[in-house]
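Working notes, beginning with the structure itself.
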Amino acid sequence: MDIYSWYVLGRIEVGAIVHHVIPIKDDYDRRFDIGNLIYLTYENHTLIHQIYSQSAERKAQMQQELMKLIAHWNDEKSRGFSQG
């Protein structure tokens with residue numbers, strides 16, 4: 001499931017590609033780091049790369065947002081997606 005779609009767009013969508021939040025070219029050692037990976041639709045993957053290319057500041061902001069989404073997803077998953 002694309003958790004960007006779920007949390008940001010309010011849609012349930014099947015992911016199609018794994019995105020490295022911190023690109024391999026920026027940190028090769030994180031290429032297999034599960035905490036650096038997010039499953040996205042092709043459309044969201046394209047959108048995120050467009051944002052990355054706008055400026056270093058926008059890239060850093062999006063990376064921070066994606067890391068928060070991953071942490072939020074993992075926290076909810078560990079609690080069984082409960083409301084409390």
Side-chain angles (χ1 to χ4, degrees):
M1 184 167 109
D2 179 330
I3 63 173
Y4 182 85
S5 284
W6 175 245
Y7 291 122
V8 177
L9 306 175
R11 299 190 306 238
I12 297 172
E13 296 185 293
V14 176
I17 189 167
V18 176
H19 171 73
H20 291 86
V21 177
I22 308 299
I24 295 171
K25 67 181 178 133
D26 294 347
D27 189 347
Y28 187 75
D29 292 336
R30 296 199 66 188
R31 68 192 180 280
F32 299 124
D33 177 356
I34 195 75
N36 186 46
L37 304 174
I38 187 170
Y39 204 42
L40 300 169
T41 63
Y42 284 111
E43 294 80 11
N44 288 339
H45 189 248
T46 299
L47 171 70
I48 288 168
H49 275 282
Q50 287 172 346
I51 292 168
Y52 277 17
S53 69
Q54 290 175 355
S55 70
E57 182 179 346
R58 287 289 291 133
K59 179 179 178 179
Q61 288 171 344
M62 178 55 78
Q63 288 172 325
Q64 184 177 26
E65 180 179 354
L66 293 173
M67 289 298 192
K68 286 180 182 178
L69 295 177
I70 292 167
H72 186 65
W73 174 262
N74 288 332
D75 181 54
E76 284 192 335
K77 189 172 67 170
S78 72
R79 291 185 292 116
F81 297 97
S82 67
Q83 296 296 320

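Under the 4.5 Å side-chain heavy-atom criterion for grouping Ile, Leu, Val, Met, Phe, Trp and Tyr, Leu9 is connected to Ile38 within one hydrophobic cluster. Note on Ile24 and Val18: separate hydrophobic clusters, where clusters join Ile, Leu, Val, Met, Phe, Trp and Tyr whose side-chain heavy atoms are under 4.5 Å apart, directly or indirectly. Hydrophobic clustering (side-chain heavy atoms under 4.5 Å, transitive across Ile, Leu, Val, Met, Phe, Trp, Tyr) keeps Trp73 apart from Tyr39. By the criterion of side-chain heavy atoms lying less than 4.5 angstrom apart, applied directly or through intervening Ile, Leu, Val, Met, Phe, Trp or Tyr residues, Ile3 is grouped together with Leu47 in one hydrophobic cluster. Each of Val14 and Ile17 belongs to its own hydrophobic cluster when Ile, Leu, Val, Met, Phe, Trp and Tyr are linked at side-chain heavy-atom distances under 4.5 angstrom.
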Mind listing the side-chain donor-acceptor pairs of residues 62-72 below 3.5 Å, one per line with the distance, residues two or more places apart or on another chain?
| from | atom 1 | to | atom 2 | distance (Å) |
| --- | --- | --- | --- | --- |
| Gln63 | NE2 | Val21 | O | 3.0 |
| His72 | NE2 | Glu76 | OE2 | 3.3 |

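In this structure, Asn74 has no side-chain hydrogen bond (donor to acceptor under 3.5 Å, both in side chains) partners at least two apart in sequence or on a different chain. Legend: residues meeting side-chain contact (heavy atoms from CB on, under 4.5 Å) with Ile12, ordered by chain and number and at least two apart, are Met1, Trp6. Under the ring pair (Phe, Tyr, Trp, His ring centres under 6.0 Å) criterion, Tyr52 pairs with His19, His49, not counting sequence neighbours. When the side-chain hydrogen bond (donor to acceptor under 3.5 Å, both in side chains) test is applied to His20, no partner is found at least two apart in sequence or on another chain. With sequence neighbours excluded, no residue forms a salt bridge (Lys or Arg N to Asp or Glu O under 4.0 Å) with Arg31.
Taken to the nearest 0.5 Å, the CG atom of Asp27 stands 7.5 Å off from the CD1 atom of Ile22. To the nearest 0.5 Å, the span separating CG on Leu40 from CG on Asp2 amounts to 5.0 Å.
When all heavy atoms of Arg30 and Asn36 are compared, the pair lying nearest together is O-ND2, 3.4 Å. Nearest approach of Gln54 to Arg58, heavy atoms of both residues: OE1-NE, 3.2 Å.
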